[in-house]
Amino acid sequence: RSTLFPYTTLFRSALAEMTPDLYDFEKMKARFSRYLIEKGMRKTTERFMILDHICRIQGHFDVEMLHKQLDDDHFHVSRASIYNTIETLMDAHIVIRHQFTAQLVQYELHDAAATHHHAICSYCGAVKEIKDERLSDGVSRLRTPRFTYEYHSLYLYGICSKCKFRIAHRSKKSVAT
């Protein structure tokens, strides 16, 4: 099951208005085309359709969600093609992979991921985006000898308020019995 945040359509459109270039398919298509040419790879309809749908999601996604979205648009492509295209998009620095928990792998556009960090509930796996310029600036200024910084991703693990409430409620019930 996908634990993609429950974005509403309203939130997605507001997000797109605030950060229009982050999800601009034409911009991503041009970057991907240059990468494919540079690597001597074919520019296929499948690769660009997958990228188009990734840009439409405007947030985290998993392979199942992407596959369903492509099927819903009557564009049938195998999961293997999706995985292979995502690997190519990661090599091109267009998409990044998030391993939030041992079971939860999601992807996101590289440019969008640079705008936030993630808080992950250790109990339910819920993922919340955190926007804090101080964190981003601090991590960006770190220097490590003999290491070239490309990008960073920060994950904070803890307990979300819903799980904290459930745990407290359960412990109250067990004390009462």
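For the single chain, residues carry numbers from 1 onward in sequence order.
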Going by an N to O cut-off under 4.0 Å, is there a salt bridge joining Asp91 and Lys39?
->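 No, this pair does not count.
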For the residue pair His76 and His74, does the interplanar ring angle fall in the parallel (under 30°), tilted (30 to 60°) or perpendicular (over 60°) class?
->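 Rings of His76 and His74: perpendicular, as their planes differ by over 60°.
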Relative to each other, are the rings of Phe165 and His169 parallel, tilted or perpendicular (30° and 60° limits)?
->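 Rings of Phe165 and His169: parallel, as their planes differ by under 30°.
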Considering non-hydrogen atoms only, spot the tightest contact between [X] and [Y] and give its length.
X: Ala92; Y: Arg31; value: O-NH2, 4.4 Å
X: Cys163; Y: Cys121; value: SG-SG, 3.7 Å
X: Ser122; Y: Tyr157; value: OG-CB, 3.9 Å
X: Val63; Y: Tyr83; value: CG2-CE2, 3.4 Å

[atom2] on [Y] to [atom1] on [X], rounded to 0.5 Å:
X: His117; Y: Asp132; atom1: NE2; atom2: CG; answer: 6.5 Å
X: Glu26; Y: Asp24; atom1: CD; atom2: CG; answer: 7.0 Å
X: Asp137; Y: Leu142; atom1: CG; atom2: CG; answer: 11.0 Å
X: Lys29; Y: Arg47; atom1: NZ; atom2: CZ; answer: 14.5 Å
X: Leu51; Y: Phe25; atom1: CG; atom2: CZ; answer: 5.5 Å
X: Leu109; Y: Ile94; atom1: CG; atom2: CD1; answer: 8.5 Å

Any side-chain heavy atom of [X] sitting closer than 4.5 Å to one from [Y]?
X: Glu64; Y: Arg79; result: yes
X: Met49; Y: Asp52; result: yes
X: Ile120; Y: Leu104; result: no
X: Met28; Y: Asp111; result: yes
X: Phe75; Y: Glu46; result: yes
X: Leu36; Y: Thr88; result: yes
X: Arg56; Y: Asp73; result: yes
X: Ile57; Y: Glu108; result: no

Indicate whether the side chain of Gln106 and that of His118 have a donor and an acceptor atom separated by less than 3.5 Å.
->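 There is no such pair (donor and acceptor under 3.5 Å, judged by atom type) between the side chains of Gln106 and His118.
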Going by atom types only, do His98 and Tyr155 share a side-chain donor-acceptor pair under 3.5 Å?
->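 Yes, side-chain donor-acceptor contact under 3.5 Å.
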Other than Ile167, what residues sit in its cluster of Ile, Leu, Val, Met, Phe, Trp and Tyr side chains whose heavy atoms are under 4.5 Å apart, directly or through others?
->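 Taking Ile, Leu, Val, Met, Phe, Trp and Tyr as members, Ile167 shares its hydrophobic cluster with Tyr123, Ile159.
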Check side-chain hydrogen bond (donor to acceptor under 3.5 Å, both in side chains) between Glu87 and all other residues, then give those that pass, not counting sequence neighbours.
->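 For Glu87, no residue satisfies side-chain hydrogen bond (donor to acceptor under 3.5 Å, both in side chains) once neighbours in sequence are set aside.
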Taking side-chain hydrogen bond (donor to acceptor under 3.5 Å, both in side chains) as the test, write out the residues that go with Ser78, two or more places apart.
->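 If we apply the side-chain hydrogen bond (donor to acceptor under 3.5 Å, both in side chains) test to Ser78, skipping adjacent residues, the hits are Ser81.
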Could you walk me through whether Phe100 and His60 pass ring-ring contact (aromatic ring centres under 6.0 Å, His included), step by step?
-> CA-CA 11 Å; Phe100 292 129; His60 302 102; 5.5 Å; yes
Using atom types as modelled and distance alone, determine if a side-chain donor or acceptor of His67 lies under 3.5 Å from a backbone N or O of Val77.
->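 A pair under 3.5 Å: yes.
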